[in-house]
**Student:** 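Dropping a structure here in structure tokens format, bear with me for questions.
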Amino acid sequence: MYLCSYLWILASIWLCLAAAAPSRTITSTKRGTNSSFVSSSKDGFSVNGSSLRFVGTNLYWLPTLESNDDIWNLLQNISDTGIKVIRIWAFNDVDTIPESGTWFQLVQNGTTTINDGPNGLQKLDTVVQMAEQQGLYVIMSLTNNWNPVFNATTSTSPRNTLSNDYGGMDLYVRQFGLQNHDDFYTNDTILTAFQNYSKQIVSRYSNSPAVFSWELANDARCNSTMLTSPTCTTQTVTKWHAQMATFVASIDPNHMVSSGTSGFQCIDCPKLYPLTPAPSPVPSPAPGKKRRAAPLTKEQIIKESAESRRQNRAAARRAGTLKEDGVMIRGRWASTATREVSSSIGSTTDGSSGVDSQDILNIPNVDFGSFQVFPDQNSYGCNDPNLDPVQNKISSSLAWIQQSVQSAAAVGKPVVLNGFGLVTQANLNTYVPFNMTYAPYASNTCIAATVLDTTNTTTNFANNTQQQQGYSSFMEMGNSAGLAGIMQYQWGSTGITRSSSTIQLDTTNSSAPAATGDSPNDGYSIANTPAIQQILKQGAQALAEDS
Ligand SMILES: *[C@@H]1O[C@H](CO)[C@@H](O)[C@H](O)[C@H]1NC(C)=O
Ligand SMILES: *[C@@H]1O[C@H](CO)[C@@H](O)[C@H](O)[C@H]1NC(C)=O
Ligand SMILES: *[C@@H]1O[C@H](CO)[C@@H](O)[C@H](O)[C@H]1NC(C)=O
Ligand SMILES: *[C@@H]1O[C@H](CO)[C@@H](O)[C@H](O)[C@H]1NC(C)=O
Ligand SMILES: *[C@@H]1O[C@H](CO)[C@@H](O)[C@H](O)[C@H]1NC(C)=O
Ligand SMILES: *[C@@H]1O[C@H](CO)[C@@H](O)[C@H](O)[C@H]1NC(C)=O
Ligand SMILES: *[C@@H]1O[C@H](CO)[C@@H](O)[C@H](O)[C@H]1NC(C)=O
Ligand SMILES: *[C@@H]1O[C@H](CO)[C@@H](O)[C@H](O)[C@H]1NC(C)=O
Ligand SMILES: *[C@@H]1O[C@H](CO)[C@@H](O)[C@H](O)[C@H]1NC(C)=O
Ligand SMILES: *[C@@H]1O[C@H](CO)[C@@H](O)[C@H](O)[C@H]1NC(C)=O
Ligand SMILES: *[C@@H]1O[C@H](CO)[C@@H](O)[C@H](O)[C@H]1NC(C)=O
Ligand SMILES: *[C@@H]1O[C@H](CO)[C@@H](O)[C@H](O)[C@H]1NC(C)=O
């Protein structure tokens with residue numbers, strides 16, 4: 001109840017400010033005229049003349065499973081919960097041909113070779129075909145920002161397990177003999193190689209109605225685990241998206257293109273694709289009409305953050321649990337809750353990661369926006385001393401959802417939360433941040449404290465109840481704020497076939513029989529958690545009703 005009352009305050013502020021629910025009329029389609037494919041307009045997605053609002057899930061590892069029966073059963077279970085869209089990796093790059101297991105492309109010493117055999121693109125064919133048969137759409141991501149080398153001596157990494165085990169930008173950079181992560185965005189030789197790969201994938205499925213969109217990259221940023229050159233700016237990353245979006249659209253007139261950024265904004269950065277100014281003054285929208293959203297501003301973020309802190313303070317005072325924060329000025333307590341909290345808006349909106357998602361979304365060939373909610377890895381706001389660490393994660397995530405919706409609405413395109421997750425105390429042993437190769441909280445790791453803040457894993461991470469409350473509130477906020485889709489990260493399953501060593505399943509479950517294993521898990525798996533599946537099911541119903 002404690003948690004709920006605070007979140008309620010935050011949510012009700014939003015509901016007071018919120019625009020009316022998205023309009024039901026689908027006016028125009030962006031992509032071609034064939035309505036068998038999903039298209040987007042300012043009002044959302046449509047297919048076959050009906051609007052589509054969805055709950056989805058992530059399972060990047062799906063094409064690596066040995067058994068097609070497993071793939072089929074997984075998709076069946078997902079479909080049974082009412083989920084409509086899955087998001088997977090449509091890349092699987094290696095720098096040496098592995099003895100076994102799925103791989104799609106060899107990137108080696110400046111050359112590339114596609115594997116279209118049974119353990120190559122034919123696996124992806126199976127996934128796309130089966131998804132179609134199960135009535136699911138697939139967001140196909142073409143590369144990844146993250147690919148840390150596990151063993152610097154041998155330059156080898158485990159494969160097909162963690163989300164960052166599948167190659168991606170840094171593997172190209174290394175194999176093309178370059179040093180900086182951002183060479184991926186700027187080097188023409190690499191761009192040509194990546195376009196070559198993308199072309200083969202995109203053209204292979206350009207007529208498949210199961211493809212939801214081509215996602216250019218997962219979480220593209222200036223920074224990764226490789227070094228970044230000082231010249232990398234938000235414009236570097238925006239320009240790359242523009243080049244790639246044009247390229248993909250030229251090959252495939254049917255499917256939408258999305259960016260796959262984690263949603264970071266740069267409110268004050270110079271734009272390559274400036275917004276056309278909103279008509280002013282903005283008239284009150286007629287009932288049932290969508291209000292034209294103003295762009296997100298620094299002043300607004302600071303003001304809303306201060307207002308939320310003020311509300312939480314008031315609630316804490318009533319509950320007798322008030323914690324002061326602030327500064328003493330000339331002997332008087334000057335609370336930061338009544339003064340402006342800070343003039344800083346935090347790293348998610350100040351461009352420090354080299355991403356300006358609004359500029360990227362305004363690229364003509366980018367059809368919808370995306371963002372992510374991973375409050376264990378990113379800080380979406382300043383800490384509020386009157387909320388405990390988990391409440392802070394959840395409430396800042398809710399504000400982040402609102403900000404992301406507003407930012408996309410100012411561009412006039414739909415936006416999808418393409419991955420959200422809260423790490424639980426029970427999952428800490430398997431939790432691996434996207435930029436790392438080992439689980440920093442596993443009980444036998446002593447590196448943890450120096451890498452991430454582990455001062456108190458009980459208070460700093462959600463318990464199962466808090467995770468469920470968090471997920472419910474993300475779904476409710478996503479629905480009321482007008483998200484076009486909400487995708488949980490990540491699906492999970494036990495009893496996956498492991499007939500030989502051809503797949504590296506999660507091996508942390510020692511009670512799993514040798515012939516089977518749990519699906520790969522980087523700390524967010526919902527295998528064996530019916531409560532979360534129930535939340536997704538309810539969310540799927542709510543979104544379908546409101547679409
Ligand atoms: C769209 O309509 C076509 C033709 O009526 C049908 O074959 C197809 O299954 C429909 N697709 C969806 C997603 O409803
Ligand atoms: C599908 O769901 C059923 C019922 O929960 C479960 O027994 C089965 O293992 C699941 N299959 C897969 C492949 O996840
Ligand atoms: C990499 O390619 C270059 C020429 O492109 C060649 O000279 C070199 O021997 C190759 N290195 C390896 C390890 O194959
Ligand atoms: C493009 O991909 C094909 C198939 O993998 C490969 O044979 C060819 O060398 C690639 N070309 C370039 C320029 O990378
Ligand atoms: C890296 O590989 C080398 C050679 O196989 C091995 O000796 C070393 O232990 C490995 N390091 C790690 C961290 O696994
Ligand atoms: C791009 O990368 C290639 C190596 O693959 C290198 O030969 C070339 O000099 C690079 N171009 C620039 C402008 O750095
Ligand atoms: C639309 O796309 C579907 C699926 O690829 C195809 O079967 C159908 O013939 C296309 N319709 C038109 C009018 O091109
Ligand atoms: C990104 O990398 C640059 C250069 O390596 C570094 O100065 C900067 O702090 C990094 N930014 C983030 C958000 O990690
Ligand atoms: C990974 O990212 C976290 C923040 O999410 C940061 O604290 C940590 O230093 C990063 N680790 C590496 C190896 O880059
Ligand atoms: C973590 O915080 C909880 C609640 O304040 C407390 O009971 C527990 O002792 C703390 N654990 C550690 C290891 O400090
Ligand atoms: C989860 O944490 C909350 C907040 O600390 C606490 O009130 C609740 O009792 C905990 N639930 C369980 C099942 O541990
Ligand atoms: C471990 O595997 C067994 C057998 O597949 C399964 O019943 C059990 O739920 C799994 N445990 C966890 C924590 O996933």
Side-chain angles (χ1 to χ4, degrees), residues 29 31-39 46-49 95-97 106-113 128-129 131-133 135 137-138 144-152 154-155 157 162-164 168-170 172 174-178 180-181 189-190 192-193 202-212 219 221-228 252-256 262 264 346-348 352-355 372-380 393 396-397 419 421-423 428 431-441 445 447-455 460-461 522-524:
T29 55
R31 293 267 155 229
T33 48
N34 189 334
S35 65
S36 299
F37 302 102
V38 185
S39 62
S46 64
V47 61
N48 269 2
D95 54 18
T96 322
I97 295 180
L106 175 69
V107 184
Q108 193 180 56
N109 192 26
T111 64
T112 60
T113 317
V128 172
Q129 241 166 45
E132 183 176 355
Q133 286 157 0
Y137 294 101
V138 190
N144 195 355
N145 192 71
W146 307 106
N147 183 225
V149 174
F150 182 68
N151 187 324
T154 60
S155 285
S157 308
L162 303 176
S163 69
N164 60 22
M169 298 182 186
D170 285 353
Y172 285 87
R174 287 192 293 265
Q175 290 302 319
F176 280 82
L178 300 174
N180 292 319
H181 177 68
T189 312
I190 294 186
T192 304
V202 170
S203 56
R204 196 173 180 98
Y205 306 107
S206 62
N207 288 318
S208 165
V211 172
F212 187 88
D219 201 6
R221 314 180 179 193
C222 277
N223 292 56
S224 183
T225 35
M226 287 188 98
L227 293 175
T228 305
D252 181 350
N254 293 326
H255 295 108
M256 299 183 290
S262 51
F264 297 151
S347 61
T348 44
S352 56
S353 57
V355 183
Q372 303 174 354
V373 170
F374 292 109
D376 297 286
Q377 316 205 28
N378 301 303
S379 166
Y380 299 117
K393 285 180 195 179
S396 61
S397 296
L422 275 172
V423 178
L428 279 179
Y431 166 49
V432 183
F434 300 132
N435 61 353
M436 289 163 67
T437 53
Y438 57 90
Y441 295 103
T445 328
I447 309 166
T450 61
V451 176
L452 296 163
D453 178 17
T454 54
T455 41
N460 286 348
F461 291 88
D522 51 17
Y524 297 90

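Indexing begins at 1, ligand by ligand and atom by atom, following the structure's order.
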**Student:** Applying ring-ring contact (aromatic ring centres under 6.0 Å, His included), can you list everything that pairs with Phe264, at least two apart in sequence or on another chain?
**Tutor:**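 If we apply the ring-ring contact (aromatic ring centres under 6.0 Å, His included) test to Phe264, skipping adjacent residues, there are no hits.
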**Student:** Residues two or more places apart in sequence or in another chain: which of them pass side chain to side chain contact (heavy atoms under 4.5 Å, CB included) with Asp170?
**Tutor:**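 So Asp170 forms a side chain to side chain contact (heavy atoms under 4.5 Å, CB included) with Asn147, Arg174, His181, Ser224, Thr225, Met226.
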**Student:** If we only count heavy atoms from C-beta on, is the Met436 to Pro148 side-chain gap below 4.5 Å?
**Tutor:**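 A side-chain contact is absent here, since even the closest heavy-atom pair is not under 4.5 Å.
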**Student:** Name all residues meeting the ring-ring contact (aromatic ring centres under 6.0 Å, His included) criterion together with Phe434; count only those two or more places apart in sequence or in a different chain, and write none if there are none.
**Tutor:**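 Once residues adjacent in sequence are excluded, the partners of Phe434 under the ring-ring contact (aromatic ring centres under 6.0 Å, His included) criterion are Phe374, Tyr489.
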**Student:** Which protein N or O atoms sit under 3.5 Å from any N or O of ligand 7? Give atom names and distances.
**Tutor:**
from, atom 1, to, atom 2, distance (Å)
ligand 7, 2 (O), Asn34, ND2, 2.4
ligand 7, 5 (O), Asn207, O, 2.8
ligand 7, 11 (N), Asn34, ND2, 2.8
ligand 7, 14 (O), Asn34, ND2, 3.4

**Student:** Please confirm whether Thr225 comes within less than 3.5 Å of ligand 9 when only nitrogen or oxygen atoms on both sides are compared.
**Tutor:**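 No; every N/O pair is 3.5 Å or more apart.
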**Student:** If you take all heavy atoms of Arg221 and Ser262, which pair is closest and at what distance?
**Tutor:**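 In terms of heavy atoms, the two residues are closest at NH2-OG, 4.1 Å.
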**Student:** Taking all non-hydrogen atoms of both residues into account, name the closest pair between Ala131 and Val138 and its distance.
**Tutor:**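 Closest pair (atom of Ala131, atom of Val138, distance): CB-CG2, 3.6 Å.
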